[in-house]
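None of the values given here were measured: they were computed from a predicted structure.
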Amino acid sequence: MEELPPFFICPISLHIMMDPVTVSTGVTYDRESIHRWISLYGHSTCPVTQQPLIDQTLTPNSTLFRLIQSWRAQNPSTALLATQTPAFDVSAVIEELKEEANTRPPVARFKSLPKIKALIGEDDAIRYELEQAGAVSMISSLVLQTPLNHDSRDIIEDAINVLCMLKPSTEALKKVAEQNNGELIKALSAITSQHWNYRMKIESTHLLKLVFKAVDEVHKSDLPSDLFDGLAEILKDQNTNRATTMAALSILLEVLPCGRKNRVRVVEAGTVAVLVELLAEGENNDRKRCEAMLVVLDCLCSRAEGRLALVSHPAGIAAVAGKLLKVSNAANDRATKVLLMVCRFCGVVDEMLVVGAVTRLCMLVQVGSNGKAKERAKEMLGLHMKTWSKSPCFPLHSIVL
C-alpha cells in the first residue's frame with residue numbers, strides 16, 4: 001500500500017482532492033472546499049498564505065487531477081480510506097455541549113470539552129468548523145455561567161483551555177468579549193487573580209492577551225484591579241515561563257494607554273517594583289522582554305505616581321540605566337525617556353551619578369545611538385552638568401557636548 005502523497009490533500013478539508021483548483025496565490029484546493037470558503041463564509045483571503053484573493057477565479061489544476069486519478073487507480077484501498085468521512089462529527093459534539101450546559105443540577109465535569117480538545121489538535125480546518133458552529137460563543141458563556149469556586153474549577157479550566165486552543169478569529173473573539181459590557185473580560189480578570197489554580201490563571205492570561213487585541217478601546221479602559229493584581233503576581237513568579245511573561249506584558253501594553261485609571265491601578269498593584277526587579281536580574285538581556293518592560297515603565301512614568309514608585313525602589317534608577325547600550329536601540333530609546341522624566345521631576349541627580357547612570361549617558365553620546373536617545377542623553381547631561389562635574393565620580397575623560 002503506497003502512502004498518500006501530501007500534495008494530494010486539500011489544505012482546508014484535509015481529504016484527498018476530487019477536483020483540484022488553483023487560486024491566484026498559487027495554492028491548490030479542492031473546488032468544493034475553497035468555494036465554501038469564499039462564497040459561503042465570505043472570506044477574501046487565501047486560507048494558507050492569508051494573502052488577499054484579488055482575483056477569485058478557480059483555475060482547474062489538470063496536471064494534479066490526472067496524477068490523483070492515476071494514483072487512485074493504482075491504490076484503491078488507500079484512496080478509499082483517504083476519502084472516507086472523518087470519525088468525528090462537529091455538530092454532534094456541539095449538541096452534547098449544549099445538553100451538558102443545560103443540565104440541572106450542573107455536571108461536575110463536561111465530557112464534551114475533552115472531546116473538542118481532541119478534535120482540535122493541530123487541525124486548522126476543525127478549528128474553523130467549530131467556530132462556525134458557535135463553539136466560541138457557547139464556551140465563553142460556559143465560563144460566565146459557571147461559579148468561580150473549587151467545585152467548578154475543572155469545568156472553567158477546560159473551557160478556557162479549549163478557547164485558547166480554538167484560536168478564535170478576531171471577529172468571533174471581539175463579539176463574545178464585548179457582549180454585556182465586557183462581561184467576559186471581567187470574568188477572566190477575576191480568574192487571573194485567583195490563587196488556587198495556577199494553570200487556569202495562566203490560560204486566562206493567554207486568552208486575555210488575544211481578547212485585548214480584538215476589542216475596542218472602550219473595553220480596555222477602567223479595568224478591574226483584580227486583573228492588574230493577577231498580572232503583577234504572574235510577572236513576579238519565578239516559575240512563570242517566557243511566553244506567559246510576554247503575554248502579561250502584552251496585556252499591559254494594550255491597556256495602559258487607555259485611561260489614567262488603568263495606570264493608577266497598575267502602579268497600586270506593585271508592578272513598577274516587579275519590573276525593576278526583573279530588569280535588575282543579573283545579565284538577563286532578553287531583547288523583546290526588556291523592551292516590553294521598558295515600554296511599560298515609560299507609560300507608567302508619564303504619571304507622578306509611576307515616577308514615585310520607580311524612584312522609591314532602591315534599584316529603580318540603576319535597573320533602567322543598566323540596560324543602556326546593552327539591549328537594543330529601542331531599549332536605549334525607552335530607557336532614556338524614563339530617565340529624562342525622573343530627572344526632570346524627581347530629586348535623583350545624586351543617585352544617577354552614584355549608580356553609574358551618568359557614565360552610561362556619556363557613553364551613549366560618545367558611541368552614538370538612535371537620534372532620540374542621544375538627544376535625551378545630551379539634554380540630561382546639559383541640565384545637570386554643573387552639579388555632576390563637581391563630583392569625583394564624574395567621568396572627566398568623557399567629551400559630552
Side-chain angles (χ1 to χ4, degrees), residues 235 249 252 256 263-264 266-268 270-287 289-401:
L235 290 171
L249 291 170
L252 293 174
L256 280 174
R263 292 193 288 273
V264 170
V266 170
V267 173
E268 290 174 346
T271 308
V272 172
V274 172
L275 294 176
V276 166
E277 287 157 18
L278 288 172
L279 286 171
E281 281 181 353
E283 294 298 318
N284 187 348
N285 292 319
D286 179 328
R287 182 177 63 82
R289 184 168 172 262
C290 285
E291 288 174 355
M293 289 190 287
L294 288 168
V295 174
V296 172
L297 283 177
D298 176 18
C299 189
L300 294 176
C301 287
S302 65
R303 308 289 308 184
E305 55 270 16
R307 295 191 294 271
L308 178 60
L310 180 67
V311 300
S312 296
H313 194 290
I317 302 300
V320 175
K323 297 305 173 186
L324 287 173
L325 298 173
K326 279 192 172 183
V327 182
S328 66
N329 285 338
N332 292 341
D333 182 55
R334 293 296 177 169
T336 52
K337 282 186 72 176
V338 172
L339 291 172
L340 181 57
M341 282 188 281
V342 297
C343 193
R344 281 175 174 169
F345 300 109
C346 308
V348 295
V349 176
D350 292 337
E351 183 180 354
M352 288 182 69
L353 190 62
V354 170
V355 301
V358 178
T359 300
R360 288 194 175 275
L361 292 175
C362 292
M363 292 171 62
L364 186 61
V365 171
Q366 286 184 312
V367 303
S369 179
N370 64 76
K372 291 182 180 179
K374 190 170 184 176
E375 289 304 312
R376 292 191 196 99
K378 284 184 176 182
E379 182 177 350
M380 284 183 270
L381 290 167
L383 284 172
H384 302 292
M385 176 62 71
K386 289 183 180 180
T387 302
W388 285 334
S389 61
K390 295 175 184 177
S391 169
C393 299
F394 184 75
L396 293 174
H397 60 280
S398 300
I399 300 173
V400 176
L401 297 174

- Dump the intermediate steps for side chain to side chain contact (heavy atoms under 4.5 Å, CB included) on Leu252 and Leu235, then the final yes or no. CA-CA 11 Å; Leu252 293 174; Leu235 290 171; 4.1 Å; yes
- Task: Given side chain to side chain contact (heavy atoms under 4.5 Å, CB included), test Lys326 with Arg360 step by step and report yes or no.
- Result: CA-CA 10 Å; Lys326 279 192 172 183; Arg360 288 194 175 275; 3.4 Å; yes
- Run the side chain to side chain contact (heavy atoms under 4.5 Å, CB included) check on Arg307 and Val338 step by step: do they pass? CA-CA 9 Å; Arg307 295 191 294 271; Val338 172; over 6 Å; no
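We find the CD-CG distance between Glu291 and Asn332 to be 9.5 Å, quoted to the nearest 0.5 Å. A distance of 8.5 Å separates CD1 in Ile317 from SG in Cys343, rounded to the nearest 0.5 Å. Atom CE of residue Met380 and atom CG of residue Leu364 lie 8.0 Å apart, to the nearest 0.5 angstrom. Residue His384 holds its NE2 atom at 10.5 Å from CG of Leu361, rounded to the nearest 0.5 Å. Going from atom SG of Cys301 over to atom CG of Leu339 covers 9.0 Å, rounded to the nearest 0.5 Å. Taken to the nearest 0.5 Å, the CG atom of Leu256 stands 10.0 Å off from the CG atom of Leu297.
Ion pairing of Lys337 with Asp298 is present here, as a side-chain N (NZ or NE/NH1/NH2) and a carboxylate O approach within less than 4.0 Å. We find that Arg344 and Glu379 are joined by a salt bridge, their nearest charged nitrogen and carboxylate oxygen being less than 4.0 Å apart.
The closest side-chain heavy-atom distance from Lys378 to Leu381 is not below 4.5 Å. Residues Met363 and Leu325 have side chains in contact (heavy-atom distance under 4.5 Å, counting atoms from C-beta outward). When side chains are defined from C-beta on, Arg376 counts as touching Asp333, because their heavy atoms get closer than 4.5 Å. Contact check for Val264 versus Glu305: side-chain heavy atoms found under the 4.5 Å cut-off.
Of all the heavy atoms in Ala319 and Leu279, the pair that sits closest is CB-CB, 4.1 Å. Contact detail for Val365 and Ala377: the closest heavy-atom pair is CG2-CB, 3.8 Å. Between His313 and Glu277, the shortest heavy-atom contact is NE2-OE2, 3.2 Å.
Among the candidates Leu249, Leu310, Val266, the single residue satisfying the side-chain contact (heavy atoms from CB on, under 4.5 Å) test with Leu275 is Leu249.
Of the possible polar contacts, none joining the Thr271 side chain to the Val267 backbone as a donor-acceptor pair under 3.5 Å is found. The backbone N or O of Val327 lies less than 3.5 Å from no partner atom in the side chain of Arg287, so there is not a single donor-acceptor pair.
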